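Everything below concerns the one structure shown next.
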Amino acid sequence: MDRRQAIASLGSFAVAGMAALGHGTAMAAPRRKGFLWGAASAAYQVEGNNTNTDLWLLEGLPGTPFAERSADACDHYHRFDDDIALLARLGLNSYRFSIEWARVEPEEGLFSPAMLAHYGRMLDSCRRHGVTPVVTLHHFSSPRWFAAKGGFENADAPALFTRYARTVVEALGDRIGWLCTINEANLSFAPNPAVRETAARATGVATFSTFLFSNVARSKPIVRQCRAAARDAIKQLRPDLPVGYTLAMDDFQDAPGTQARAARWRSGMYDVWLKAAQADDFLGVQTYTRTVIGDRGPITLPAETLRTQVGQEYYPEALGGAVRYAAAIAGVPIIVTENGVATEDDALRVRYIDGAIGSLRAAMREGVDVRGYIHWSLLDNFEWLFGYGPKFGLVAVDRATQTRTIKPSARHLGKWARSHPVLRQD
Ligand code: BGC
């Protein structure tokens, strides 16, 4: 399954008017020095045993859509300090990771000082190793109690999410470098009523709604409210902390012989989300591939197309196009918060990194304000429905022994970072 084909589109298909271009109403862009060169992870994919989340429940259901259990994952919950030290040794200067809401607020309204202290230790580890932490508050997984209340379909979600966001920022905000409220807010998987029904029956509730399997017509407007409400609350607490959110964005291109169709698709997919970012401090762009649009929509890729382990076209140059469009509509500084490739062939990853960064520099030459490049992912980890098959990591993980093995691509990205402390545009 190509999960990116499942990206939910809720925007209208109106073509973006020229008036919309470049008219971000951003607050003053945060002044943080240097270019962020980093690698990313997400709590559920690396920590292990996130048993109080909605997704852990889904994994264990009869007929589960997950290929396997996440189980111990990369045991990053215990090994974060070694992993952050490793990232720093590679030459990278930033680490994007997420906080597991279900650990911090295990029951509605019951917050765990011990878990907040755990994430505080991760932030301290970053500081000790000279690494800027880019922290995500929500990366797909939610507490079980939240899903059982209807998740992001529940009109109370903005208040619930904002209370969690406020608690994290009160405790840890002074140690966070950049904060992403919601990861890939525009993403959802193909509708799967069976998953929702089985989960609801297993928990004895009317609607068990997870971020990845929700009624998108109901949930996505509420997701947008969540991120705006959380941003406002965070900015009240810490006006100096740069706050944004992240979007899953393909580069949309016209098929040979077709014109102007990709532009319609692109604006239909993304404009409502990009405009929502106009009042943020930055936008996180997460690009893996392109979508080619023909007369009747996305074309079927020719059989000889080089595909990654998750079925996407291998097309590193997608990054520049996506970033260019994101910046034109959102009008705020961009951080590439994810970009990477699922492959066992690490030489392909090395080439991917060069192709992606090359296209990013071309966009920067045109004046796009890009503050960082954060690769997905630091470790080979739990790739959601696919389980542990796809290898996105710069570092391999033997899950029986938890031994880490640095791949050549990790050193290659480190070399980019060392030789370009500021990613020059020339
Ligand atoms: C997600 C990651 C995921 C990656 C690769 C992004 O959509 O944020 O969690 O592992 O893509 O598929």
Side-chain angles (χ1 to χ4, degrees), residues 1-6 39-80 82-84 86-87 95-98 100 102-103 136 139-142 183-184 187 189-190 192 195 210-213 248 286 288-289 307-312 314 338-350 352-353 374-410 413:
M1 180 203 65
D2 178 349
R3 66 192 251 333
R4 267 168 206 275
Q5 287 172 357
S41 72
Y44 195 81
Q45 295 178 270
V46 294
E47 285 183 349
N49 299 295
N50 287 14
T51 57
N52 197 32
T53 60
D54 51 358
L55 298 184
W56 184 273
L57 180 107
L58 254 49
E59 275 181 24
L61 291 179
T64 178
F66 286 84
E68 58 185 313
R69 303 300 307 254
S70 55
D72 282 345
C74 304
D75 195 27
H76 186 67
Y77 182 80
H78 297 107
R79 294 166 196 264
F80 67 84
D82 289 347
D83 291 337
I84 293 169
L86 187 158
L87 174 146
Y95 180 40
R96 173 172 179 244
F97 64 93
S98 76
E100 191 66 83
R103 288 189 188 269
T136 306
H139 194 126
F140 296 171
S141 46
S142 306
N183 178 68
E184 295 193 343
L187 188 93
F189 285 173
N192 191 329
V195 177
T210 62
F211 182 86
L212 294 175
F213 300 105
Q286 312 196 161
Y288 289 84
T289 192
R307 287 172 184 267
T308 73
Q309 288 176 308
V310 291
Q312 297 171 328
Y314 177 89
E338 286 184 25
N339 172 253
V341 58
T343 178
E344 292 279 1
D345 179 353
D346 196 56
L348 270 187
R349 190 175 344 270
V350 168
Y352 188 96
I353 289 171
I374 302 180
H375 192 81
W376 184 271
S377 178
L378 178 62
L379 304 171
D380 281 340
N381 62 38
F382 184 70
E383 180 52 27
W384 309 112
L385 301 191
F386 290 96
Y388 289 100
K391 304 287 189 260
F392 275 98
L394 297 165
V395 175
V397 176
D398 176 329
R399 294 191 46 263
T401 62
Q402 293 294 348
T403 307
R404 275 55 170 155
T405 306
I406 295 172
K407 301 180 193 177
S409 56
L413 183 62

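Nothing fancy with the numbering, it's 1 onward along the sequence. Everything numeric here is computed off the predicted structure, so don't read it as measured data.
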Item checked: side chain to side chain donor-acceptor pair (under 3.5 Å) evaluation trace for N50 with R103 -> CA-CA 8 Å; N50 287 14; R103 288 189 188 269; 2.5 Å; yes
Next item on the list: Taking all non-hydrogen atoms of both residues into account, name the closest pair between V350 and P408 and its distance.
Entry: CG2-C, 4.4 Å
Margin query: Could you report the tightest heavy-atom contact between S409 and I353, atom names first, then the distance?
Written below: O-CD1, 3.9 Å
Notebook entry, point to check: Do you know which of D380, T308, V310 makes side chain to side chain contact (heavy atoms under 4.5 Å, CB included) with P390?
Noted result: V310
Item checked: By side-chain contact (heavy atoms from CB on, under 4.5 Å) - contacts of T343 (at least two apart) -> V341, D345, L348, R349
Note to self: How long is the straight-line distance from CZ of F97 back to CD of Q45, given to the nearest 0.5 Å?
What the structure shows: 15.0 Å
Notebook entry, point to check: How many angstroms lie between OG1 in T289 and CG in N339, if you round to the nearest 0.5 Å?
Noted result: 10.5 Å
Notebook entry, point to check: Out of curiosity, F392 CZ to E383 CD, how far, rounded to the nearest 0.5 Å?
Noted result: 4.5 Å
Check: In chain order, what residues pass the side-chain contact (heavy atoms from CB on, under 4.5 Å) check against Q402, with sequence neighbours excluded?
Finding: D72, C74, D75, R79, V397, R404
Next item on the list: Taking K391 for its side chain and G389 for its backbone only, find out whether a donor-acceptor pair lies under 3.5 Å.
Entry: yes
Checklist line | Between F80 and Y95, ring centroids under 6.0 Å | finding: no
Note to self: Tell me whether R399 contacts the main-chain N or O of A73 through its side chain, where contact means a donor paired with an acceptor under 3.5 Å.
What the structure shows: yes
Checklist line | Reported CD1-to-CG distance for the pair I374 and L378, which is rounded to 0.5 angstrom | finding: 11.5 Å
Next item on the list: With rounding to the nearest 0.5 Å, note down the distance linking CD in E68 to CG in L385.
Entry: 11.5 Å
Margin query: Any side-chain to backbone donor/acceptor pair from Y388 onto S70? Under 3.5 Å, distance only.
Written below: yes
Note to self: Quick check for you: to the nearest 0.5 Å, what is the distance between L394 atom CG and I406 atom CD1?
What the structure shows: 10.0 Å
Check: Sub-3.5 Å donor-acceptor pair from the side chain of N49 to the main-chain atoms of T51, do we have one?
Finding: no
Checklist line | From CA spacing to verdict: side-chain contact (heavy atoms from CB on, under 4.5 Å), Q286, L187 | finding: CA-CA 11 Å; Q286 312 196 161; L187 188 93; over 6 Å; no
Check: Got a donor-acceptor contact below 3.5 angstrom from the S377 side chain to the A40 backbone?
Finding: yes
Check: Please walk me through it: do F211 and N183 pass side-chain contact (heavy atoms from CB on, under 4.5 Å)?
Finding: CA-CA 10 Å; F211 182 86; N183 178 68; over 6 Å; no
Next item on the list: For S141 and E100, run side chain to side chain donor-acceptor pair (under 3.5 Å): C-alpha distance rounded to whole Å, both residues' side-chain angles, the deciding distance at 0.1 Å, then the answer.
Entry: CA-CA 7 Å; S141 46; E100 191 66 83; 2.7 Å; yes
Item checked: Partner of F140 under ring pair (Phe, Tyr, Trp, His ring centres under 6.0 Å), chosen from F213, Y44, F382, W384 -> W384
Margin query: Could you work out, with side-chain contact (heavy atoms from CB on, under 4.5 Å) as the rule, every residue matching S98, not counting sequence neighbours?
Written below: A42, A43, T136, H139
